[in-house]
Every structure is written in structure tokens, then in C-alpha cells.
Number of protein chains: 2
Amino acid sequence: MVLADPTRREVFERLRAGPRPVNAIAAGLPVSRPAVSQHLKVLKGAGLVDERSEGVRRIYSLRREGLVELREWLDSFWSNALDAFKAEVEKSHIDSKRKK
Amino acid sequence: MVLADPTRREVFERLRAGPRPVNAIAAGLPVSRPAVSQHLKVLKGAGLVDERSEGVRRIYSLRREGLVELREWLDSFWSNALDAFKAEVEKSHIDSKRKK
DNA sequence: ACATTGCGTAAGCTATGGCTTACCGTTAGT
DNA sequence: ACTAACGGTAAGCCATAGCTTACGCAATGT
């Protein structure tokens, strides 16, 4: 999972405030600037982030399709889990009725 | 993140089909039975799973509150990300208007 | 009593992931 | 041209995560 690492999540979330150059993203983080670059590379590889050049800086921003895919993944994952649990609940409900 | 590891997710998802002893969960998985025990321990530590004894076997099942918490975490995480992106879209929308 | 089945746990291996430092190319300012 | 800012990438370090094997203990069957 791309968003498993807390630092990477933080990087990701910092982009929510809008497109930003690497410097700005790294500012205040407890890790070095290269570390941030590496996280950005991973995020980009996962399609969650876009990158464009603006003079000497690279501006990173959230990527719409990436978010959509992530959303779908989360949704399907969750609805699966939920369905199963509902079925589970109903079953134990029936069981408890049966016991009476 | 507890659900970062694929094997652990698989273990978790196998419980969607209902409560199961460790043996049944581990059956067919590409890892050893102790490995599964270890994953279950983590899941239990995260409150996602319950465990009860039934004779010599330990029956694991999904834990309602754990699922709720997970759901809330996912929701807040996502709505944050989404809000930010919406703001982003509106902003660039305004920008594009301005350019005309 | 004894063997067997189910499972948790300890110990140890290994791969990997995230970090740092060091370096390089590129853009921009003077 | 010189220098400085920005940031990507390589190399190497280290902690951790996940795995396996080995073992032990409780419950069950014979």
C-alpha cells in the first residue's frame, strides 16, 4: 500500500492544500528533502500525484484519476467487508432466535 | 497501517465469510500456519478481530467496533482528501475563467 | 496413559523500506 | 561567467516486518 507510511501520508496530505514545490512540501517535515523527493516518486508511480516544471522547481499536485481509483479501491474493499459483516450479524441473529 | 500487508488483508478478508478457526484461515494460504497466527495477533491488537476458544480451537471473527473505527478512519481520511481536491478544482476553474 | 490435533510463541533469518549524505545537472539572478 | 537555489538520484546504513522452524501446552480421542 502506497499510503501505508505515515510520512508519505503526510506528504500526500500536504498536497491537499494545493500544488506545491518540493521545498514547500518538505518544509517542517522531520525528514530530509531527498526523502520527500523519494516519497513523491512513489506517489507519482502510484498515479496519485502529478508533476510539472516551473522554472527550477517541480510543482506537485494531486491527480484526479489517482484519487478516483483510490476511492474505488477503498469503496470496494469496504463494501466487501461490510457485506460480510452484515451477513454475519444476521446469521447470529437467527442463531439467537433459534436458541430461544 | 494494520491492513498494509497483503497477506494480512487476505487473512482479514477470509473472516468475512464468517468466524473460523486458525486452521481454516491458514488453509491454502502461501504462508505457514504460525505466520497466520501472527497476523491474527496483530489484527486482534488493532481491535479488528475477536477470538474465542472452542475446545482446542480458537475461533476468530470480525469485531464490530473495530470495523466501525476503521470505517470512520477511512471516511475522515477520504473526506479530507476529497474536500481539498474539490477546493483545488474550483480554484483552477476560477483560474481558467479568469484567463478568458 | 498415550498419541494426536490445534495453536500460540520464541528465536533467528532475510528482504525491504525509509532515511541520510553526497553528488550532479539545470535554471536563474548578478 | 559565477554563484546560488532547486531538486533528482546513487550508495549505503539500519531498523523493522514478515517468514520459517522448533518447541510447548492444552484439549481430545483411543
Side-chain angles (χ1 to χ4, degrees), chain A residues 1-63 66 70 73 77 81 88, chain B residues 1-63 66 69-70 73-74 77 81 88:
Chain A
M1 240 273 228
V2 200
L3 294 173
D5 180 70
T7 305
R8 188 145 58 228
R9 269 203 304 275
E10 178 62 28
V11 166
F12 176 76
E13 301 207 357
R14 282 189 177 210
L15 286 175
R16 298 187 323 201
R20 266 168 178 54
V22 179
N23 254 351
I25 302 171
L29 283 184
V31 300
S32 70
R33 200 257 321 149
V36 172
S37 269
Q38 288 161 19
H39 283 300
L40 286 168
K41 189 177 186 177
V42 173
L43 290 172
K44 193 180 172 190
L48 285 173
V49 145
D50 261 339
E51 179 224 329
R52 97 188 98 96
S53 283
E54 199 161 287
V56 74
R57 24 202 113 181
R58 317 288 184 106
I59 312 292
Y60 284 87
S61 54
L62 296 186
R63 181 170 163 272
L70 175 59
W73 188 86
F77 170 80
E88 202 37 44
Chain B
M1 240 271 229
V2 198
L3 295 172
D5 181 70
T7 306
R8 189 146 57 227
R9 269 204 303 276
E10 178 64 27
V11 167
F12 176 75
E13 301 205 357
R14 283 189 177 209
L15 286 175
R16 299 187 321 200
R20 267 169 178 54
V22 179
N23 254 350
I25 301 171
L29 283 185
V31 299
S32 70
R33 201 256 324 147
V36 173
S37 269
Q38 288 161 19
H39 283 301
L40 287 168
K41 188 177 187 177
V42 174
L43 289 172
K44 193 179 172 191
L48 285 172
V49 146
D50 262 339
E51 178 225 328
R52 95 188 100 96
S53 283
E54 198 160 287
V56 74
R57 23 203 113 177
R58 316 290 183 105
I59 312 292
Y60 284 86
S61 54
L62 296 186
R63 181 170 163 272
E69 286 166 25
L70 175 59
W73 188 85
L74 288 178
F77 171 79
E88 203 38 43

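Letters A, B, ... are given to chains in the order of the sequence lines, protein chains preceding strands, and every chain is numbered from 1. Side chains included, hydrogens not; waters and symmetry mates left out as well; all remaining heavy atoms used.
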**Item:** Protein proximity profile, nucleotides 8-15 of chain D - base contact B, sugar-phosphate-only contact S, no contact -, cut-off 4.0 Å on heavy atoms
**Value:** BBB-----

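Screening residues 52-62 of chain A for salt bridge (charged side-chain N to carboxylate O under 4.0 Å, His left out), with sequence neighbours left out, gives Glu51(A)-Arg58(A), Arg52(A)-Glu54(A).
To the nearest angstrom, C1' of dA17(D) lies 8 Å from CG of Asp5(B). Nucleotide dT20(D) holds its C1' atom 15 Å from the CG atom of Leu29(B), rounded to whole Å.
Evaluation of the side-chain contact (heavy atoms from CB on, under 4.5 Å) rule for Val56(B) yields no partner, not counting sequence neighbours. Here Ala24(B) pairs with Arg20(B), Pro21(B) under the side-chain contact (heavy atoms from CB on, under 4.5 Å) rule; sequence neighbours left out. Annotation: side chain to side chain donor-acceptor pair (under 3.5 Å) contacts of Arg14(A) (sequence neighbours excluded): Glu10(A).
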Side-chain donor/acceptor pairs under 3.5 Å, residues 33-42 of chain A, sequence neighbours excluded:
| unit_1 | atom_1 | unit_2 | atom_2 | d |
| --- | --- | --- | --- | --- |
| His39(A) | ND1 | Arg8(A) | NH1 | 3.3 |

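Of all non-hydrogen atoms in Phe12(B) and Leu62(B), the two that sit nearest each other are CE1-CD2, 3.7 Å. Residue Ile59(A) comes nearest to Pro19(A) through the heavy atom pair CG2-CB, 3.7 Å, listed as atom of the first residue, atom of the second, then distance.
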If you restrict it to nitrogen or oxygen atoms, what contacts under 3.5 Å exist between nucleotides 26-30 of chain D and the protein, and what is each distance?
none

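Inter-residue side-chain proximity for Leu15(A) and Leu48(A) is flagged as unmet; no heavy-atom pair is nearer than 4.5 Å.
Reading DNA chain C from its 5' end, the first and the last nucleotide to sit under 4.0 Å from a heavy atom of chain A are dG18(C) to dA28(C).
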